[in-house]
Amino acid sequence: MDTRTLGFNTKLVHAGIPHDAYGAVVTPIYQTSTFAFDDARQGADRFSGAAGGYIYTRIGNPTTAALEENVAQLENGFGATAMASGMGAVSTVYLALLGAGDHMVSTDSVYGPSRGLMEKHMSRFGVASTYVDTSDLENLRNAMRPETRLVYVESPSNPAMAVTDIRAAADIAHAAGALLVVDNTFASPHLQKPLDLGADVVLHSVTKFINGHADVVGGIVVAKTEALHKRIRAMLVNLGANMDPHQAYLVSRGLKTLALRVERAQENARAVAAWLSEHPAVAWVSYVGLPSHPQHALARRQMSGPGSMIAFELKGGVEAGRVVMDSVRLAGLAVSLGGVETLISHPASMTHAGMAREDRLKAGITDGLVRLSVGIEDAADILADLGQALARAAGPQAG
Ligand code: PLP
């Protein structure tokens with residue numbers, strides 16, 4: 001059956017599942033490093049590409065391929081390549097699409113290591129980069145250079161929640177002969193489909209919403225065209241940051257409930273964001289579902305829902321935020337996001353600690369910003385937990 005024409009929820013459950021000799025309903029874990037050939041001719045044909053079939057798990061594996069096909073269909077792309085981590089996906093994209101003398105423009109509030117990899121390491125190989133607030137397209141236009149080959153947008157961004165107009169960014173990139181890559185981790189393909197909006201490549205840390213159960217680290221890159229897909233896969237095969245079959249099995253298992261989890265977490269996040277924005281101890285709340293978010297109208301246009309990521313700051317600043325993080329009992333004090341459990345973290349001292357403070361502040365990542373990944377628990381319990389933690393922060397302990 002051609003699953004490409006089916007609805008999103010049906011694809012989540014059925015797309016990419018190969019039919020094995022035993023009629024397994026779930027793709028088995030092909031826990032093998034290599035695949036035997038019938039004869040030497042077949043081996044040679046597989047290597048030359050004259051015949052299909054598996055060769056070696058770094059190059060491809062049926063369990064991983066099932067996940068790749070599923071996500072490629074969810075994002076409406078030509079094909080997908082799964083990696084050992086989200087950063088494996090980011091590094092493979094940089095290395096596949098950029099070379100010495102090239103320039104990249106990116107969102108200033110991208111995930112810290114995505115920026116660190118570019119500024120501290122890719123720069124050593126002659127790749128230049130400029131980081132701007134891409135939610136203002138004028139900044140993006142002004143940062144483009146004749147040698148710009150890539151525009152790399154994270155939307156919504158981690159953790160500033162800045163939203164970039166993907167269709168307009170694609171037009172700006174393409175007019176300059178550059179490609180548009182979108183890190184779609186925060187939205188997930190359930191809420192946003194960057195390839196449909198003009199992007200050329202979309203990537204995810206599948207560690208987050210796609211897997212959704214905080215038990216796997218992984219990444220995936222989906223390309224719009226066959227040519228781009230081949231470039232990215234060829235780089236991955238040489239780089240060796242491939243996802244292993246057991247990882248892929250777990251991610252495929254988590255992925256089936258993506259829409260259910262995202263909808264439920266989003267419902268909770270709407271309640272939490274509304275509650276926080278009324279709370280007397282809270283200085284500001286950034287949630288794309290709130291009309292106060294500067295790109296709320298744009299988010300409504302290009303996303304089918306605001307998701308479950310919230311950033312906020314307390315009136316008591318860094319100290320009060322620390323008391324809240326030390327006082328929560330239900331929410332886990334941990335980095336990462338997009339899982340079934342509510343997590344709270346402090347980007348300035350954790351995920352974005354590697355960034356210069358000046359760059360962090362410019363990107364809207366204030367010292368007191370607290371990031372909340374709202375889970376699928378009962379909203380009343382999440383609110384009660386935050387309530388007691390905020391009450392402590394407002395009390396004498398906050399200093
Ligand atoms: N992109 C975004 C938006 C992220 O939040 C993260 C991790 O938090 C990554 C990429 C990197 O993913 P991983 O931790 O799976 O390597």
Side-chain angles (χ1 to χ4, degrees), residues 85-91 93-95 98 100-145 147-164 169 181-183 185-186 203 205 207-208 283-284 286 294-295 309-314 316-322 325 333-337 343-373:
S85 70
M87 284 313 299
V90 174
S91 53
V93 164
Y94 287 170
L95 288 167
L98 291 164
D102 291 346
H103 173 248
M104 179 180 98
V105 184
S106 184
T107 310
D108 55 2
S109 54
V110 279
Y111 176 60
S114 301
R115 183 165 174 171
L117 174 63
M118 176 57 64
E119 290 187 327
K120 295 185 184 131
H121 303 288
M122 294 295 288
S123 57
R124 292 189 286 119
F125 304 99
V127 180
S129 58
T130 307
Y131 285 83
V132 293
D133 174 6
T134 52
S135 67
D136 181 342
L137 295 168
E138 227 17 63
N139 293 333
L140 175 55
R141 269 186 211 102
N142 291 338
M144 298 298 287
R145 297 186 198 161
E147 65 275 21
T148 306
R149 291 285 158 270
L150 214 63
V151 174
Y152 182 103
V153 160
E154 192 176 292
S155 183
S157 67
N158 178 6
M161 311 302 302
V163 176
T164 298
V181 175
V182 176
D183 182 334
T185 299
F186 261 42
L203 68 86
S205 164
T207 316
K208 320 301 182 199
W284 54 262
S286 182
Q295 294 96 38
M309 296 303 300
I310 300 173
F312 67 95
E313 182 160 338
L314 297 177
V318 183
E319 270 316 303
R322 191 167 296 143
M325 286 183 281
L333 175 55
V335 294
S336 203
L337 58 111
L343 295 180
I344 193 164
S345 67
H346 180 236
S349 67
M350 298 172 185
T351 48
H352 293 68
M355 251 171 111
R357 181 165 181 269
E358 187 193 324
D359 290 338
R360 263 203 319 265
L361 293 177
K362 226 193 280 169
I365 308 165
T366 55
D367 292 339
L369 185 152
V370 174
R371 192 186 75 182
L372 201 58
S373 171

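No experiment lies behind these values; they were computed from the predicted model shown.
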Next on the checklist: To check you understand the geometry: which heavy-atom pair defines the closest contact between Glu154 and Ser109, and what is its length?
Outcome noted: OE2-O, 4.1 Å

Item to check | Point-to-point distance, once rounded to the nearest 0.5 Å, from CZ of Phe125 to CG of Leu95 | outcome: 8.0 Å

Next on the checklist: For residues 125-140, which residue pairs pass the salt bridge (Lys or Arg N to Asp or Glu O under 4.0 Å) check, not counting sequence neighbours?
Outcome noted: Glu138-Arg141

Next on the checklist: Counting only heavy atoms from other residues, nucleotides and ligands, does the tally under 6.0 Å from CZ of Arg357 exceed 12?
Outcome noted: no

Item to check | Working for side-chain contact (heavy atoms from CB on, under 4.5 Å), residues Met118 and Met104 | outcome: CA-CA 9 Å; Met118 176 57 64; Met104 179 180 98; 3.6 Å; yes

Checklist entry - Mind checking what makes salt bridge (charged side-chain N to carboxylate O under 4.0 Å, His left out) contact with Arg115, not counting sequence neighbours? => result Glu119, Asp359

Item to check | Stepwise side-chain contact (heavy atoms from CB on, under 4.5 Å) check, Ile344 with Val370 | outcome: CA-CA 7 Å; Ile344 193 164; Val370 174; 3.5 Å; yes

Checklist outcome for this item: Tightest non-hydrogen contact, residues Ala169 and Val153, listed as CB-CG2, 4.5 Å

Checklist outcome for this item: Output for pair (Tyr131 OH, Met355 CE), nearest 0.5 Å, gives 9.0 Å

Item to check | Note, Tyr111 side chain near Met87 side chain (heavy atom, < 4.5 Å) | outcome: yes

Checklist entry - Who passes side-chain hydrogen bond (donor to acceptor under 3.5 Å, both in side chains) against Thr185, sequence neighbours left out? => result Asp183

Checklist entry - Considering residues at least two apart in sequence or located in another chain, which fulfil the side-chain contact (heavy atoms from CB on, under 4.5 Å) criterion with Val132? => result Val105, Thr130, Thr134, Asn139, Ala143

Item to check | side-chain contact (heavy atoms from CB on, under 4.5 Å) between Asp108 and Val110, worked out | outcome: CA-CA 6 Å; Asp108 55 2; Val110 279; over 6 Å; no

Checklist outcome for this item: Scanning both residues in full, the closest heavy-atom pair of Leu361 with Thr366 reads CD2-CA, 3.9 Å

Checklist entry - Who are the side-chain hydrogen bond (donor to acceptor under 3.5 Å, both in side chains) partners of Ser91, not counting sequence neighbours? => result none

Item to check | Which residues share a salt bridge (charged side-chain N to carboxylate O under 4.0 Å, His left out) with Glu313, sequence neighbours left out | outcome: none

Next on the checklist: I'd like to check the side-chain hydrogen bond (donor to acceptor under 3.5 Å, both in side chains) partners of Thr148; sequence neighbours left out, ordered by chain and number.
Outcome noted: His103

Item to check | Non-neighbouring partners of Asp102 that pass side-chain hydrogen bond (donor to acceptor under 3.5 Å, both in side chains), sequence neighbours left out | outcome: none

Item to check | Results of salt bridge (charged side-chain N to carboxylate O under 4.0 Å, His left out) for Arg149 - residues two or more places apart only | outcome: none

Item to check | By ring pair (Phe, Tyr, Trp, His ring centres under 6.0 Å) - contacts of Tyr94 (at least two apart) | outcome: Tyr152

Checklist entry - How long is the gap from CZ on Arg371 to OG on Ser373, to the nearest 0.5 Å? => result 7.0 Å

Checklist entry - Between the side chains of Thr164 and Ser155, is a donor N or O closer than 3.5 angstrom to an acceptor N or O? => result no

Checklist entry - How would you list, by chain and number, every residue that makes a side-chain contact (heavy atoms from CB on, under 4.5 Å) with Arg322, sequence neighbours excluded? => result Val318, Glu319, Asp326

Checklist entry - Out of curiosity, Leu98 CG to Leu150 CG, how far, rounded to the nearest 0.5 Å? => result 4.5 Å

Checklist entry - Who are the side-chain contact (heavy atoms from CB on, under 4.5 Å) partners of Thr207, not counting sequence neighbours? => result Ser205, Val217, Ser336

Next on the checklist: So which atom in Arg145 and which in Ala128 form the shortest heavy-atom distance, rounded to 0.1 Å?
Outcome noted: NH1-CB, 4.0 Å

Item to check | Check: Thr351 main-chain N/O paired with His346 side-chain donor or acceptor under 3.5 Å | outcome: no

Item to check | From CA spacing to verdict: side-chain contact (heavy atoms from CB on, under 4.5 Å), Leu369, Trp284 | outcome: CA-CA 9 Å; Leu369 185 152; Trp284 54 262; 3.7 Å; yes

Item to check | Test applied, side-chain contact (heavy atoms from CB on, under 4.5 Å); reference residue, Asn158; option that passes from Leu337, Thr107, Ile365 | outcome: Leu337

Checklist outcome for this item: In short, Ser135 meets Ala162 closest at the heavy-atom pair CB-CB, 4.4 Å

Checklist entry - How long is the gap from CZ on Phe312 to OG on Ser286, to the nearest 0.5 Å? => result 12.0 Å

Item to check | Pro159 side chain near His352 side chain, heavy-atom distance below 4.5 Å | outcome: yes

Next on the checklist: Please give me the minimum heavy-atom distance between Met161 and Ala311, naming the atom from each residue.
Outcome noted: CG-CB, 4.2 Å

